[in-house]
Number of protein chains: 2
Amino acid sequence: MALRHAVLAALLDRDLSGYQLTKLFDLGVSSFWHAASQQLYVELAKLEADGLLTGHEVVQQGRPNKRVFALTDTGLQELTRFTLAPTKPTSIRDDLLVKAYAAHAADRVKLAEQLEQRATQSQAKAEYLEEQLAKLLGGKSEAEYLRTAENIGPYLAGTRGKMYEREQATWCMWAAEALRAR
Amino acid sequence: MALRHAVLAALLDRDLSGYQLTKLFDLGVSSFWHAASQQLYVELAKLEADGLLTGHEVVQQGRPNKRVFALTDTGLQELTRFTLAPTKPTSIRDDLLVKAYAAHAADRVKLAEQLEQRATQSQAKAEYLEEQLAKLLGGKSEAEYLRTAENIGPYLAGTRGKMYEREQATWCMWAAEALRAR
DNA sequence: CACATCATGTAACCAGTTACATGATTGG
DNA sequence: CCAATCATGTAACTGGTTACATGATGTG
């Protein structure tokens with residue numbers, strides 16, 4: 001079970017609805033996990049059935065009502081247990097890397113174009129994450145924030161996401177350049 | 001279909017047996033894709049049935065015989081087609097990132113230990129990949145190699161893997177330090 | 001009233017993981 | 001003869017993706 005713990009983690013210091021989680025786990029936004037809305041609603045139902053979450057209908061004016069989910073004690077315990085359990089490293093699994101490996105079978109210019117396009121996307125995502133991180137800091141220096149903030153988890157994970165996207169962009173540009181130069 | 005193209009790419013400039021592919025796609029080794037042997041043998045059977053590969057028994061002395069697979073023309077075409085097809089970006093999907101996000105629910109020291117352990121693993125993997133890359137260079141400078149080598153694909157993909165592991169190690173140490181300092 | 005956004009789901013399918021199995025050959 | 005490595009598979013299960021569906025509410 002994988003999404004499971006990502007959902008529990010997301011609900012750690014705020015309650016969220018399925019729709020809000022969808023936005024959090026959306027591609028382009030998520031720094032620490034990705035999931036589509038369909039998967040989330042299924043998972044939320046399971047988590048509620050297992051007693052790890054409780055859902056509460058929230059009546060809204062101006063928009064449809066929503067069900068907001070909160071961690072139960074059991075849910076929090078399960079999350080804590082998960083953080084202690086050993087996990088194996090996972091490697092990158094990205095079609096673009098396979099394409100790069102298969103460069104010899106590809107049209108060099110078209111592959112370079114794809115790499116450049118991805119570089120742009122990754123750059124944009126990195127910038128978005130950087131903004132989010134700046135918001136978390138709220139004016140403080142990073143060192144200060146890491147010492148004093150209540151929950152530094154989102155900052156730690158967000159930083160990894162930012163690094164990943166930046167580096168992806170750097171590599172894409174480098175590889176595209178290498179292909180174009182031939 | 002995912003592993004499919006990774007296998008075709010791996011067979012692009014040399015023929016390999018299921019066992020050799022297993023080692024290539026093994027965790028700890030793979031820079032561009034991961035797969036377990038069970039999955040590989042199934043995939044190889046499918047690829048052969050689909051006419052993208054052909055297998056040939058190779059009689060060996062001193063060890064069990066093996067079946068070596070080679071790309072067919074159709075297989076090569078399929079790989080080329082794949083390199084041209086658009087693909088979406090994929091984000092990191094790593095339990096360790098979820099654990100970091102859930103830092104507030106975790107034992108800080110134990111989480112730091114896990115991060116440090118992962119840093120060590122990633123460092124080792126990065127060094128292994130660096131050796132592989134040096135072998136590919138074969139004494140040439142990178143610039144020279146990228147200009148003149150027949151197939152730079154493995155070098156491009158391997159470099160991404162190396163970068164990823166190095167950065168993972170850096171982040172793990174940084175995050176562990178942040179957790180320990182509290 | 002059409003379109004965007006908010007909001008929540010079901011069902012079929014596909015890819016990957018885990019568990020289980022087997023056998024050859026060499027070296028200590 | 002036992003352990004390590006080489007070599008190849010099957011089957012059940014889990015997690016994730018894709019396709020399909022529906023309805024509320026506000027804005028132009």
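Convention: sequence-line order gives letters A, B, ...; per-chain numbering from 1. Any value given below was found using the heavy atoms of this structure, including those in side chains, with hydrogens, waters and symmetry copies removed.
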Which pairs of donor and acceptor atoms, one on a side chain in residues 97-114 of chain A, lie under 3.5 Å apart (sequence neighbours left out)?
| unit_1 | atom_1 | unit_2 | atom_2 | d |
| --- | --- | --- | --- | --- |
| A:K99 | NZ | A:Q114 | OE1 | 2.6 |
| A:K99 | NZ | B:A85 | O | 2.4 |
| A:K99 | NZ | B:T87 | OG1 | 3.1 |
| A:Y101 | OH | B:R14 | NH2 | 3.3 |
| A:H104 | ND1 | B:E150 | O | 3.3 |
| A:D107 | OD1 | A:V109 | N | 3.0 |
| A:D107 | OD1 | A:K110 | N | 3.0 |
| A:Q114 | NE2 | B:T83 | O | 2.5 |

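- Atom CG of A:L3 and atom C1' of D:dT14 are 12 Å apart (whole Å).
- Atom pair B:D26:CG and D:dC6:C1' shows a separation of 14 Å (rounding to whole Å applied).
- Proximity of B:Q38 to the phosphate of C:dA21: no side-chain N or O atom is located under 4.0 Å from OP1 or OP2.
- Nearest to the side-chain atoms of B:S37 among the listed nucleotides D:dT8, C:dT17, C:dC20 stands D:dT8.
- D:dA7 atom P lies 7 Å from atom NZ of B:K23, rounded to whole Å.
- Atom pair B:Q20:CD and D:dA7:C1' shows a separation of 11 Å (rounding to whole Å applied).
- OP1 or OP2 of D:dT8 has not a single side-chain nitrogen or oxygen of B:Y19 nearer than 4.0 Å.
- Following rounding to the nearest Å, B:E43 (CD) and C:dT17 (C1') show an atom-to-atom distance of 15 Å.
- Salt bridge annotation for A:K162-A:E127: absent, with no cationic side-chain nitrogen under 4.0 angstrom from a carboxylate oxygen.
- Between B:E177 and B:R180, none of the side-chain N atoms (NZ, or NE/NH1/NH2) sits under 4.0 Å from a carboxylate O, so this pair counts as no salt bridge.
- In this structure, A:D94 pairs ionically with A:R118, as a charged nitrogen and a carboxylate oxygen lie closer than 4.0 Å.
- Side-chain proximity of B:W33 to D:dA7, C:dT18, C:dG16: nearest is C:dG16.
- Between A:N65 and B:S17, the residue whose closest nucleotide on DNA chain D is further toward the 5' end is B:S17.
- Ion pairing between a basic and an acidic side chain is recognised when a charged N comes within 4.0 Å of a carboxylate O; A:E78 and A:R4 show no such pairing.
- Using a 4.0 Å heavy-atom distance criterion, B:K88 is classed as a sugar-phosphate-only contact.
- The side chain of B:P64 approaches C:dT25 more closely than any other nucleotide in the set D:dG23, C:dT25, D:dT5.
- Side-chain nitrogen and oxygen atoms of B:K66 include none within less than 4.0 Å of the OP1 or OP2 phosphate oxygen of C:dG23.
- Residue A:L40 contributes atom CG, which lies 15 Å from atom P of D:dG15 at whole-angstrom precision.
- One can place CD of A:Q39 at 19 Å from P of D:dC20, the figure rounded to the nearest angstrom.
- For B:Y41, taking side-chain heavy atoms from C-beta onward, the closest of the listed nucleotides D:dG16, D:dA7, C:dT8 is D:dA7.
- Taking atom CZ of B:R67 as the reference point, atom C1' of D:dC6 lies 17 Å away to the nearest angstrom.
- Checked against D:dT17, C:dG16, C:dT5, the side chain of B:A2 finds its nearest nucleotide in C:dG16.
- Of the residues near DNA chain D, B:G18 and B:R93, the one whose nearest nucleotide (by heavy atom distance) lies more toward the 5' end is B:G18.
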